[in-house]
Amino acid sequence: MTLTQYKKVIKSLTRDELEAHLFETFKSSKVFKDIESSCWSEKTNDELMASLQKRLEKVFWKEQFSLGECKGVLNDYLNRTVDEGTKALMHLAFAAEAAELSAAYGDFGERFYNSLESSAEKFLDYAKLHPEFFSLHEAEFENLISTADPLGYGVSDNLEYMMEDARIELGYYDEPEEGE
């Protein structure tokens with residue numbers, strides 16, 4: 001069904017039919033429930049984050065590690081919320097778990113590190129648009145950099161450059177005005 005077809009169906013429903021449809025969908029679909037709940041409740045987004053962190057811990061640290069499976073878990077959770085701040089934190093959680101795994105067990109290769117850096121960059125892309133968010137989570141990103149310090153492929157350096165770029169964009173290093 002296309003979006004246009006879906007709109008026609010929705011518009012053809014009475015208010016009572018639409019409510020019944022939404023309530024039934026809410027009850028029958030975990031993903032729909034998560035998405036709708038994330039729209040209306042900060043607590044739900046916090047619960048999603050906690051659940052993601054537990055799930056990432058399980059898939060990253062199992063004996064037969066699979067980057068594809070880890071990325072699949074992240075994408076599943078990203079689809080469960082509409083809150084962009086929560087999505088940014090999910091990317092940071094993914095990057096942090098990846099860094100911890102590599103710090104503990106060694107080199108996982110360039111593709112692995114590219115995924116780690118990509119997730120970190122997605123976090124910072126959102127953070128640069130929301131200075132208060134950046135301030136709240138800056139220390140978490142600094143912890144990621146510290147954890148990544150022993151990793152190969154210049155990961156720690158790349159993360160530091162990304163952080164400095166974010167700080168520059170947010171005006172952390174504005175030059176003082178004359179006379180100061």
Side-chain angles (χ1 to χ4, degrees), residues 30-62 65-105 107-172:
K30 172 76 171 130
V31 172
F32 184 81
K33 182 179 182 177
D34 286 346
I35 291 168
E36 282 298 297
S37 297
S38 80
C39 291
W40 314 111
S41 168
E42 190 173 314
K43 181 181 175 194
T44 299
N45 286 312
D46 293 344
E47 290 167 356
L48 278 173
M49 276 302 303
S51 176
L52 170 67
Q53 288 171 323
K54 286 179 188 175
R55 186 76 178 107
L56 284 176
E57 191 173 300
K58 285 181 183 177
V59 295
F60 267 109
W61 295 87
K62 68 186 203 177
F65 165 77
S66 163
L67 179 59
E69 182 181 4
C70 295
K71 288 165 92 175
V73 167
L74 174 62
N75 288 329
D76 176 46
Y77 276 84
L78 289 170
N79 290 328
R80 293 181 185 198
T81 184
V82 294
D83 183 75
E84 294 299 321
T86 300
K87 287 181 180 187
L89 289 173
M90 288 177 173
H91 281 290
L92 182 59
F94 179 89
E97 201 66 46
E100 287 178 26
L101 178 73
S102 187
Y105 289 106
D107 188 358
F108 283 98
E110 188 174 359
R111 190 171 144 248
F112 178 85
Y113 297 121
N114 288 342
S115 291
L116 185 159
E117 289 177 14
S118 175
S119 277
E121 188 172 31
K122 288 175 183 169
F123 166 80
L124 286 175
D125 287 345
Y126 178 82
K128 287 188 267 187
L129 298 173
H130 302 87
E132 318 79 37
F133 179 87
F134 181 81
S135 294
L136 282 172
H137 301 287
E138 186 175 9
E140 292 168 67
F141 200 89
E142 288 174 350
N143 288 339
L144 170 62
I145 293 169
S146 294
T147 303
D149 194 43
L151 308 184
Y153 296 92
V155 174
S156 180
D157 291 337
N158 292 343
L159 293 173
E160 283 183 38
Y161 295 138
M162 286 184 223
M163 178 67 121
E164 288 306 304
D165 180 55
R167 288 176 173 152
I168 290 167
E169 282 191 42
L170 290 168
Y172 275 48

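Here, residue 1 is the first one in the sequence, and each next residue gets the next number. All of these numbers come straight from a predicted model, not from anything done at the bench.
Annotation: the span from Leu92 atom CG to Tyr126 atom OH amounts to 13.5 Å, rounded to 0.5 Å. Separation of atoms CG (Asn158) and CG (Leu116) is listed at 10.0 Å; rounding is to 0.5 Å. The distance from the OG1 atom of Thr81 to the CE atom of Met49 is 10.0 Å, given to the nearest 0.5 Å. Remark: Lys122 NZ to Met90 CE distance equals 13.5 Å, nearest 0.5 Å. Summarising the geometry, atom CZ belonging to Phe60 is positioned 10.0 Å from atom OG belonging to Ser66; distances are rounded to the nearest 0.5 Å. Here the CD1-NZ distance, from Ile168 to Lys128, works out to 10.0 Å after rounding to the nearest 0.5 Å.
In summary, Glu84 and Lys87 engage in a salt bridge, as defined by a charged side-chain N under 4.0 Å from a carboxylate O.
Using a 4.5 Å heavy-atom cutoff, the side chains of Glu97 and Val59 are not in contact.
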Exercise for the section: Output, in order, the C-alpha distance, side-chain angles, deciding distance and verdict of side-chain contact (heavy atoms from CB on, under 4.5 Å) for Asp76 and Arg55. Expected result: CA-CA 11 Å; Asp76 176 46; Arg55 186 76 178 107; over 6 Å; no

With side-chain contact (heavy atoms from CB on, under 4.5 Å) as the test, would you mind laying out the steps for Leu159 and Met162 before giving the verdict? CA-CA 5 Å; Leu159 293 173; Met162 286 184 223; 4.1 Å; yes

| request: Step by step, work out the side-chain contact (heavy atoms from CB on, under 4.5 Å) result for His91 and Leu124. | output: CA-CA 9 Å; His91 281 290; Leu124 286 175; over 6 Å; no

- Using the ring pair (Phe, Tyr, Trp, His ring centres under 6.0 Å) rule, take Tyr77 and Phe94 through it: C-alpha gap first, then chi angles, then the decisive distance, then the call. CA-CA 11 Å; Tyr77 276 84; Phe94 179 89; over 10 Å; no

Glu57 vs Lys54, test: salt bridge (Lys or Arg N to Asp or Glu O under 4.0 Å). Steps then yes/no.
CA-CA 5 Å; Glu57 191 173 300; Lys54 286 179 188 175; over 6 Å; no

- Check the pair Phe134 / Tyr172 against side-chain contact (heavy atoms from CB on, under 4.5 Å), numbers first and verdict last. CA-CA 11 Å; Phe134 181 81; Tyr172 275 48; 3.1 Å; yes

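Side-chain atoms of Asn79 come within 3.5 Å of backbone atoms of Asn75 as a donor-acceptor pair (strictly under, hydrogens ignored). Under the 3.5 Å distance criterion, the side-chain polar atoms of Ser135 are matched with a main-chain donor or acceptor of Pro131. Using a distance-only test at 3.5 Å, with no hydrogens or angles considered, a donor-acceptor pair links the side chain of Thr147 to the main chain of Asn143.
The minimum heavy-atom distance between Phe112 and Leu67, with the atom names listed, is CA-CD2, 3.8 Å. When all heavy atoms of Ala120 and Ala95 are compared, the closest pair comes out as N-CB, 4.1 Å.
Shown here is Glu140, whose CD atom has more than 12 heavy atoms of other residues, nucleotides or ligands within 6.0 Å. Within a 6.0 Å radius of OH in Tyr105, no more than 12 heavy atoms belonging to other residues, nucleotides or ligands are found.
Not counting sequence neighbours, the partners of Ser156 by the side chain to side chain contact (heavy atoms under 4.5 Å, CB included) test are Ile145, Ala148, Asp149, Glu160.
The aromatic rings of Phe123 and Phe133 lie tilted to each other, with the angle between the two planes from 30° to 60°.
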